[in-house]
There are 2 protein chains.
Amino acid sequence: MKVKELMDTNFLKVYPDYTVKEVSELMHKKKRYSAPIVDEHDKLMGWVNAIDLLILNDEDKKKEIREYMHSIDKVIVLNENDEAREAVIKIVKYKVVSIPVVNNEGKVVGIVRNCDITKTLAKLYDIPVYKLFKTLQEQLRGITWEELMEAAAIV
Amino acid sequence: MKVKELMDTNFLKVYPDYTVKEVSELMHKKKRYSAPIVDEHDKLMGWVNAIDLLILNDEDKKKEIREYMHSIDKVIVLNENDEAREAVIKIVKYKVVSIPVVNNEGKVVGIVRNCDITKTLAKLYDIPVYKLFKTLQEQLRGITWEELMEAAAIV
């Protein structure tokens, strides 16, 4: 499975000349905790997190969002052709809520969100593992699922 | 596995008389996107999300957080003795980033965060499934992992 099959393509896109106030309202309206900042060709320029904007006062909120974005060299990024496994590793390693996904031209094409990963992992592993056991049941000659998992845990 | 084995006990605890400004600064400092509001006995009173506070102006930020919290009847809650599976289902169903965990007395004892679930699911399913296969390898008489997963997928 590739990152492109896991990502959310209905994400919030922010341009660098939006004011902090505009971005805050967009995040609130769309219920997004973070968003990529892109240029006029949709190329990734940076990243903005809701909690970075939380501490700004009314004066700061009139400024352009580019002043408060994380610059691209500090942003965790995935390529749409990366293995989905790569997304899980990065989300766990960097403890982030979401990661922007770019194509080979550097254009932002989606966002991988933690909740999409949870959903996919729960589906991918839970159901197939159960099916796997069902397939093997005859060959296992009466071993229960619990006994099997116990055996697996101690290997 | 129970919710108590999955939850983060090092969470941000907020009292109802904290100002919005204080809570915003705590969230920013501790990098938490949400927090439970508790009374003097640590009983859950409500929940606060960073994006709800994003749109408040300097005047609003002087007010007490209780004015902007989600009241307890609208908050998704887990009991520490619930099955971990229950946490996965609720995170996916309600698309939330984290869920407060209470004990039988209604006291908040932890928070289940989406990233903890991702970590645990990745560990629980990925590694044990591989180990499972290793345990079974002899009995499987030369079937490969790929053949096995293919067989499982079509059941």
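Scope of the values below: all heavy atoms of this structure, side chains included, with no hydrogens, waters or symmetry mates.
- Hydrophobic clustering of Ile, Leu, Val, Met, Phe, Trp and Tyr side chains at less than 4.5 Å, counting indirect connections, keeps A/V75 apart from A/I91.
- B/L53 contributes atom CG, which lies 9.0 Å from atom NE2 of A/H28 (distance to the nearest 0.5 angstrom).
- Distance check: A/L56 CG to B/S24 OG gives 10.0 Å after rounding to the nearest 0.5 Å.
- For A/L54 against B/A50, the heavy-atom pair with the smallest separation is CD2-O, 3.6 Å.
- More than 12 heavy atoms of other residues, nucleotides or ligands shown are found within 6.0 angstrom of NZ on B/K2.
- For B/I89, no part lies under 4.5 angstrom from a heavy atom of chain A.
- Cluster annotation: B/V101 and B/M45 are assigned to distinct hydrophobic clusters (Ile/Leu/Val/Met/Phe/Trp/Tyr, side-chain heavy-atom contacts under 4.5 Å, transitive).
- Residues A/V97 and B/N114 form no side-chain contact, since every pair of their non-hydrogen atoms from C-beta on lies 4.5 Å or further apart.
- Your options are B/K21, B/K61, B/M27, and the one with the most heavy-atom pairs under 4.5 Å with chain A is B/K61.
- Residues B/V96 and B/I51 do not share a hydrophobic cluster, defined by chaining ILVMFWY side chains whose heavy atoms lie under 4.5 Å apart.
- Under the 4.5 Å side-chain heavy-atom criterion for grouping Ile, Leu, Val, Met, Phe, Trp and Tyr, A/I72 is not connected to A/Y94 through any hydrophobic cluster.
- Under the 4.5 Å side-chain heavy-atom criterion for ILVMFWY residues, no single connected hydrophobic cluster contains both B/V109 and B/L12.
- Considering CG of A/N49 and NZ of B/K31, their distance stands at 8.0 Å, rounded to 0.5 Å.
- Only the backbone of B/R32 comes within contact range of chain A, with heavy atoms under 4.5 Å apart.
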